[in-house]
Number of protein chains: 2
Amino acid sequence: MSRYDPSAFPPFAVTVDLVVLTVREHALCALLVRRGEPPYQGYWALPGGFVRPGEGLAEAASRELAEETGLRAYSAPGHDAAAPGTAGAHLEQLATYGHPQRDPRMRVVSVAYLVLAPDLPTPRAGGDASGARWAPVTELLGPNQVDGVPLAFDHGLILADGVERARSKIEYSSLATAFCSPEFTVGELRRVYEAVWGVVLDPRNFHRKVTGTPGFLLPSGGTTTRQGGRPAQLFTSGGANVLNPPMLRPES
Amino acid sequence: MSRYDPSAFPPFAVTVDLVVLTVREHALCALLVRRGEPPYQGYWALPGGFVRPGEGLAEAASRELAEETGLRAYSAPGHDAAAPGTAGAHLEQLATYGHPQRDPRMRVVSVAYLVLAPDLPTPRAGGDASGARWAPVTELLGPNQVDGVPLAFDHGLILADGVERARSKIEYSSLATAFCSPEFTVGELRRVYEAVWGVVLDPRNFHRKVTGTPGFLLPSGGTTTRQGGRPAQLFTSGGANVLNPPMLRPES
DNA sequence: CTAATAGTGTCTCTAAGACAATATCGT
DNA sequence: ACGATATTGTCTTAGAGACACTATTAG
């Protein structure tokens, strides 16, 4: 068989799976859906589905995200305005999983995408999922499980990779702002870092650092007192893709 | 159609493409093969090929690498001993490319892998390739081309992503040692950084930095004078996956 | 000897971490 | 006033970059 012979290719199914992360109540949470049919019926799984003919991979991920959560995603550059009543979310490709036996029925290659979203109302169940929930990732990692039951397929592994990507990427990019509303305070951003890394940060050093890193934050002019205490300045993301100097994770 | 209905999936072909990088004569070079058949007949392309039924993705990448170069690859953890007469190479997944029209004949999703190898004898042409060569990446990037002709398919984009991954990953990992022979000197390692980043580094500060970073280098005891001048200590890779503090790319 | 590369030391400056102190709100 | 959060400032220390200097080889 020649290298690119189109008439003799082995048959594969291609799916996308989504690691959708948000910060809720000071904890990093992942979106799970309950499978309504075999295999793994009744198990919790990552949202996802088949890539359609003629549809790009990121496009498929974006579509599945909208179907299951109503979220509108923007890929890395060029933040599309979100439609009214919906919120924007960061979307990027994570990795591809293609172990021959990862699906018991047939050969499935799944391209996983990572989505970072601000805190949202409880997800709506969409598609074939018979339920959806946010679960704190600390409960899902380790022996990956929900109430003692692991996630379907290799989704525990995919989730772990997604969480690790998010934890490392907020070090050297302004991606942590994707977990915040369009306007946010330094304190809110700090609580995002604390939740994602699972650490406690010094508010004074954090403030000096983020406001002193070029391109990280843009003052929007307003102030808010929604956290109580002295009113805090509001910022929007400066959109810098790479932070210099980077934010450093403690205890390393 | 339900989310994972195995009887109604759209047909995809799945391939692997390889971005194989090495440092030759103080330049970062990529391995290209010449296509022997349409489409893009006569164009230079990345090595690659179909994933076989029952074969994992990394396994397919490893097989294609061996077929086209004789290189034996090791995935990130657990460096397998290379077979006699062959050299080991680092292999990791890069990204997946699935634009619906990326192959003019049919729907092909390609999982790209990044391979970092020490300098080697000129590659042997294998498989259907009617030729193979190392090309400096500085000539291939920008308006991606070889002698004014772009690479086949979207391989220019894949190559650019692979080079960027290599450039950023040697900052915070000991991966640069994958470009060196098993035993190497600090000067040889510095020339790797200079070639990959396209910069000139201060030999004195570089020496202080790499020898002072825990887990980066292990003294092997021997010395060599293969560079001329005062004999240099030989080191092996310390295997640290994450460098702390990281190597910093100048001019940022 | 000179040329070349290896390796050490010294100085300056940036920035991280540990705090003290002040500012401005809700109650 | 009190408690909470925001923000500024100060001190100490680690580490990056510039660069003088010494060490050890080949020719």
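In what follows, every chain begins at residue 1, and chains take the letters A, B, ... in the order their sequences are listed.
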Would Arg167(B) count as a cation-pi partner of Trp197(B), with NZ or CZ less than 6.0 Å from the six-membered ring centre and within 45° of the ring normal?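 Output no; distance or angle outside limits.
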Proximal nucleotide (of [options]) relative to the [X] side chain:
| X | options | result |
| --- | --- | --- |
| Pro245(B) | dA6(D), dC19(D), dA16(D) | dA16(D) |
| Arg204(B) | dA18(C), dG9(C), dA6(D) | dG9(C) |
| Asn205(B) | dG17(D), dA23(C), dG7(C) | dG17(D) |
| Val186(B) | dA6(C), dG7(C), dA6(D) | dG7(C) |

Using atom [atom1] of [X] as one end and atom [atom2] of [N] as the other, report the distance to the nearest whole Å.
| X | N | atom1 | atom2 | value |
| --- | --- | --- | --- | --- |
| Arg191(B) | dA4(C) | CZ | P | 14 Å |
| Glu188(A) | dT5(D) | CD | P | 12 Å |
| Leu217(B) | dA6(C) | CG | P | 14 Å |
| Asp202(B) | dC11(C) | CG | C1' | 14 Å |
| Leu234(A) | dT5(D) | CG | C1' | 14 Å |
| Met247(A) | dA15(C) | CE | P | 14 Å |
| Arg230(A) | dT27(C) | CZ | C1' | 19 Å |
| Arg208(B) | dC21(D) | CZ | P | 17 Å |

Looking at [X], I'd like to know whether one of its side-chain N or O atoms comes within less than 4.0 Å of OP1 or OP2 on [N].
| X | N | result |
| --- | --- | --- |
| Gln233(A) | dA6(D) | no |
| His207(A) | dT7(D) | yes |
| Lys209(A) | dA16(C) | yes |

Categorize Arg190(B) for me: base, sugar-phosphate, or nothing, with a 4.0 angstrom heavy-atom threshold over every strand shown. sugar-phosphate
Are Gln93(A) and Val111(A) side-chain neighbours, meaning at least one heavy-atom pair lies under 4.5 Å?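 Heavy-atom side-chain distance check passes, below 4.5 Å.
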Are Phe235(B) and Thr185(B) side-chain neighbours, meaning at least one heavy-atom pair lies under 4.5 Å? no
Between CG on residue Leu94(A) and CG on residue Leu18(A), distance to nearest 0.5 Å: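 Atom-to-atom, Leu94(A):CG and Leu18(A):CG are 10.5 Å apart.
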CH2 of Trp134(B) to CG of Asp119(B), rounded to nearest 0.5 Å, is 8.0 Å
Of Ala232(A) and Leu248(B), whose nearest nucleotide on DNA chain D comes first from the 5' end?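 Nearest-nucleotide comparison on DNA chain D picks Ala232(A).
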